[in-house]
Asker: 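Submitted below is the structure of interest, expressed as structure tokens.
Per chain, numbering begins at 1; letters A, B, ... match sequence-line order.
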Amino acid sequence: MSVGYVAVQWNRHKRVYDACVIGGILLYVGVFFSVGKALFAPPHAISDEILAIRALGTCAFLLLHVILCIGPLARLNRRFLPLLYNRRHLGVATFCVALAHAALIIGYYHGFGVVNPFVSLLTSNTNYSSLAAFPFELLGLIALAIMFLMAATSHDFWLKLFGAPAWKRLHMLVYVAYALLVAHVALGILQTQRAPWLAALVGAGVVVVASLHIAAGLRETRFDATASPLDGDDGDWVDVADVGELRENSGHVAVLGAGRRVALFRVNGRVYATTNTCAHQGGPLGEGRVIDGCVTCPWHGWQYRAHDGQSPPPFSEKIPTYRARIVGSRVQINAKALPPGTPVEPAVISEHADG
Amino acid sequence: MAESPKATSPLGRDEFYVGYLPVPTRLRRFLWRITPTLLVLLAGIAWILASAQRDPGAGIWNDAEAKTFVGVIDASPYPLIRVTDEAGEAVTYLLVEVGKFGGGQRAAPFAGKAVRLSGWVLERDGRRMIELEPGDTIHAAEDVRDAERFAPPRRETLGERTLRGEIVDSKCYLGAMKPGDGKTHKQCATLCIAGGIPPTFVTRDEAGRRAYYLMTNRDGGPFDERILPLVADQVEMRGSVERRGDLLIIRTDADTIRRY
Ligand code: FES
């Protein structure tokens, strides 16, 4: 958050997460390398460098699939939220694996020659018009540059500097990197190893990533379509929920229409409303909880006071609040957001309304 | 009102996860199950992909031990040395330097002469190459008297042929890199051939047997750089083929080579 930046705010969870990520990478690369060594014995041995290049390349590609799937998986099933919590470390680790893959290629395939390895990388193959001969290395290089940009700006310092929306847009480039890498694989190793089932495997990866995103997206769109604005003088007010749906200290997501969402919180028999969008990375606050009197985001745990949308000191983040009222047993929200950090009177739930 | 999107959670509604708080019990159990499963899955995928690699061929590179050879150097079209093996057969070794460089510079002054040189042997399918030991390692072999042992190779013209295969850099393909062919090796092969490693055209017959054709220009000289964009691709070429001792040579022109 905004109180002085440290490289990483460590906690036990992050340590366990990172240990699993690093352990997973070592396991993958180790198994790939050893199996490659064992199955291809001299004189049919595959060069160690090439084994390592392949182990690292496939590992990075696989990790990218995991990274891309975590988001929609966590939308579809909250049990995956712990994987989302520290996803940026997974991203940085993936970049490092990809960088090692690239460094080995540049040193091994492009070193020891008549020209500088980087010159060789960019000029050895300029068959841009042929699909079969296309310099697929270039696609990987651009993807690596994108991953570098993302890894380098993954810290909250940059998030704060760019603002969450711009930072998110920047990090959406991961999909461009993914598309480039699918092409990198299809025009590269799949040309060297023309096994149809390998191509099918890459295709299956694309299908899994795409269908999870579509499933999560559809669910969100359907939910957004349930807005029910009131007519007449009360045009600014939207009927959003029944009091009975709200549970003490729990969040509740409701729609205001036009793709906007509001988060409702019931605390001590009162209803507070804030934006559903966390100031950090846009996490769904309404899926969070109230902990120590603060709305707590389910993604990374940022907190805001329910009554004014401000992070408790020493933090200084602010989110928009909304006016709430209770009519009968229905909760209604004034769709005009109040400026971030504006204190609001909660709507008090009468015994009768609670039914 | 539609269900909120969070509804499918099997987590207890009161079990809320934030990284800095203790993990709720049921979620902890889920994580204890899913993490090892993911790790096993990861290892399994590594296993499958590692074993799916294709056989890189039986090229060998004896880079542990340098050997000494006595023979006659021929500098055209590419530097090579002809020696006589134990059985009395004339055997040709292409000569290259360490790294991605041909052996032309050091071999040229000795063209047509008997020499003693040392280097590391690369070999595949009976095709051979010596990676010259750096330094002053090629010497005129004054003591070679039996010039008959190094009689010039017999030439036999085999006529115009159209062949399909892949242009490889002979050093990697014979065993310096494994695999030393195919798309992923294309840029390396291009760099090698640009550096003077002799280009070789490798074809396969229906039974999968490989034939190696050293490539030269129509005039029999070393191939020009117009070959470079076509290296490592599946190509068809037309040229006149000849046998020179234990080597097959194809004289062709870059204009006759096309991807198929
Ligand atoms: S999105 Fe990161 S804490 Fe809310």
Asker: So which residue, B:Gly175, B:Ser51, B:Pro22, ends up with the most heavy-atom pairs under 4.5 Å with chain A?
Answerer: B:Ser51
Asker: With a 4.5 angstrom heavy-atom cut-off, which part of A:Tyr28 approaches chain B: side chain, backbone, both or neither?
Answerer: both
Asker: Between B:Gln53 and A:Phe40, what is the shortest heavy-atom contact and its length?
Answerer: O-CZ, 3.0 Å
Asker: Decide yes or no on side-chain contact (heavy atoms from CB on, under 4.5 Å) for B:Tyr17 and A:Arg78, but give the supporting numbers first.
Answerer: CA-CA 9 Å; B:Tyr17 169 82; A:Arg78 298 191 55 185; over 6 Å; no
Asker: Between CG of A:Leu201 and CD1 of B:Ile45, what distance do you get to the nearest 0.5 Å?
Answerer: 7.5 Å
Asker: Between A:Ile291 and chain B, which part of the residue has a heavy atom less than 4.5 Å away: side chain, backbone, both or neither?
Answerer: side chain
Asker: Please test A:Tyr85 against B:Tyr20 for ring-ring contact (aromatic ring centres under 6.0 Å, His included), starting from the C-alpha separation and ending with a verdict.
Answerer: CA-CA 10 Å; A:Tyr85 178 69; B:Tyr20 49 74; 7.5 Å; no
Asker: Heavy-atom distances under 4.5 Å only: say whether B:Thr184 touches chain A with side chain, backbone, both or neither.
Answerer: both
Asker: So for A:Cys59, is it side chain, backbone, both, or neither that comes closer than 4.5 Å to the heavy atoms of chain B?
Answerer: neither
Asker: If you count every heavy atom of other residues, nucleotides or ligands that lies below 6.0 Å from B:Asp85 atom CG, does the total exceed 12?
Answerer: yes
Asker: How about B:Trp47: does its CH2 atom have over 12 heavy atoms from other parts shown lying under 6.0 Å from it?
Answerer: no
Asker: Can you tell me which portion of B:Leu191 sits under 4.5 Å from chain A's heavy atoms? Options are side chain, backbone, both or neither.
Answerer: both
Asker: Considering non-hydrogen atoms only, spot the tightest contact between B:Leu39 and A:Gly24 and give its length.
Answerer: CD2-CA, 3.6 Å
Asker: So, A:Lys14 side chain and B:Gly19 main chain: donor-acceptor pair closer than 3.5 Å or not?
Answerer: no
Asker: Which heavy-atom pair separates B:Gln187 from A:Ser120 by the least distance, and what is that distance?
Answerer: OE1-O, 4.4 Å
Asker: Which bit of B:Leu230 comes within less than 4.5 Å of chain A, counting heavy atoms only: side chain, backbone, both or neither?
Answerer: neither
Asker: Is A:Leu190 close to chain B through its backbone or its side chain, or both, or neither, when contacts mean heavy atoms under 4.5 Å?
Answerer: neither
Asker: Measure A:Tyr108 against the heavy atoms of chain B and call it side chain, backbone, both or neither at under 4.5 Å.
Answerer: both
Asker: For A:Phe80 together with B:Phe30, are the ring centres under 6.0 Å from each other?
Answerer: yes
Asker: Sort A:Val66 into side chain, backbone, both or neither according to what part of it lies under 4.5 angstrom from a heavy atom of chain B.
Answerer: neither
Asker: Which atoms of B:Asp233 come close to chain A, meaning under 4.5 Å heavy atom to heavy atom: side chain ones, backbone ones, both, or neither?
Answerer: side chain
Asker: I'd like to verify something: which residue of B:Ala232, B:Gly182, B:Ala43, B:Gly195 has the highest number of heavy-atom pairs under 4.5 Å with chain A?
Answerer: B:Ala43
Asker: Would B:Leu49 and A:Phe61 count as a side-chain contact (heavy atoms from CB on, under 4.5 Å) here? Give the steps.
Answerer: CA-CA 12 Å; B:Leu49 292 182; A:Phe61 193 50; over 6 Å; no
Asker: Looking at A:Thr58, A:Thr126, A:Leu62, A:Thr123, which has the largest count of heavy-atom pairs under 4.5 Å with chain B?
Answerer: A:Leu62
Asker: Please look at A:Glu137 and chain B and tell me whether the side chain, the backbone, both or neither of the residue comes under 4.5 angstrom of a heavy atom of that chain.
Answerer: side chain
Asker: Which of the residues A:Gly36, A:Ala133, A:Gly188 is involved in the greatest number of heavy-atom pairs with chain B at under 4.5 angstrom?
Answerer: A:Ala133
Asker: Looking at B:Lys100 and A:Tyr109, would you say the former's side chain and the latter's main chain have a donor-acceptor pair under 3.5 Å?
Answerer: yes
Asker: To check you understand the geometry: which heavy-atom pair defines the closest contact between A:Ser130 and B:Arg259, and what is its length?
Answerer: CB-NH1, 3.7 Å
Asker: Let me know if A:Ile53 has heavy atoms under 4.5 Å from chain B in its side chain, its backbone, both or neither.
Answerer: neither
Asker: When only pairs under 4.5 Å are counted, which of A:Ser34, A:Ala195, A:Ala45 shares the most heavy-atom pairs with chain B?
Answerer: A:Ala45
Asker: Between A:Trp299 and chain B, which part of the residue has a heavy atom less than 4.5 Å away: side chain, backbone, both or neither?
Answerer: neither
Asker: Between A:Arg79 and B:Ile34, does a side-chain contact (heavy atoms from CB on, under 4.5 Å) hold up when you go through it step by step?
Answerer: CA-CA 10 Å; A:Arg79 289 196 294 185; B:Ile34 191 95; over 6 Å; no
Asker: Would you say CD of B:Glu236 has more than 12 non-hydrogen atoms from neighbouring residues, nucleotides or ligands within 6.0 angstrom?
Answerer: yes
Asker: Give a yes or no on this: more than 12 heavy atoms of other residues, nucleotides or ligands lie within 6.0 Å of atom CG of B:Leu21.
Answerer: yes
Asker: Taking atom CZ of B:Arg54 as the centre, does the number of heavy atoms from other residues, nucleotides or ligands within less than 6.0 Å exceed 12?
Answerer: yes
Asker: I need the residue from B:Gly44, B:Ala52, B:Gly180, B:Gly57 with the largest number of non-hydrogen atom pairs under 4.5 Å to chain A.
Answerer: B:Gly57
Asker: Taking side chain as everything from C-beta outward and backbone as N, CA, C, O, which of these in A:Thr296 sits under 4.5 Å from a heavy atom of chain B? Side chain, backbone, both or neither.
Answerer: both
Asker: Counting only heavy atoms closer than 4.5 Å, note whether B:Arg124 contacts chain A via side chain, backbone, both or neither.
Answerer: neither
Asker: Which bit of B:Leu42 comes within less than 4.5 Å of chain A, counting heavy atoms only: side chain, backbone, both or neither?
Answerer: both
Asker: Does any backbone or side-chain atom of A:Ile46 lie under 4.5 Å from a heavy atom of chain B? Answer side chain, backbone, both or neither.
Answerer: both
Asker: What are the two closest heavy atoms between B:Pro179 and A:Ile50, and how far apart are they?
Answerer: O-CD1, 3.6 Å
Asker: Looking only at heavy atoms and a cut-off of under 4.5 Å, which of A:Arg12, A:Arg54, A:Gln191 has the most pairs with chain B?
Answerer: A:Arg54
Asker: In sequence, state the C-alpha distance, the side-chain angles, and the governing distance for B:Lys183 and A:Leu187, and then conclude on side-chain contact (heavy atoms from CB on, under 4.5 Å).
Answerer: CA-CA 8 Å; B:Lys183 181 73 184 288; A:Leu187 298 177; 4.1 Å; yes
Asker: Report the option among A:Asn11, A:Leu39, A:Asn127 that has the most heavy-atom pairs separated by less than 4.5 Å from atoms of chain B.
Answerer: A:Asn127
Asker: What part of B:Ala176 gets closer than 4.5 Å to chain A, counting heavy atoms only: side chain, backbone, both or neither?
Answerer: backbone
Asker: Which atom names give the shortest non-hydrogen contact between A:Cys20 and B:Thr35, and what distance separates them?
Answerer: SG-CG2, 3.7 Å
Asker: For A:Ala132, which atoms come within 4.5 Å of any heavy atom of chain B: side chain, backbone, both, or neither?
Answerer: backbone
Asker: What option among A:Gly113, A:Ser124, A:Pro82, A:Pro298 has the most heavy-atom pairs under 4.5 Å with chain B?
Answerer: A:Pro82
Asker: Chain B heavy atoms under 4.5 Å from A:Leu27: which part of the residue, side chain, backbone, both or neither?
Answerer: side chain
Asker: Given a strict heavy-atom distance threshold of 4.5 Å, which part of A:Asn125 is in contact with chain B: side chain, backbone, both, or neither?
Answerer: both
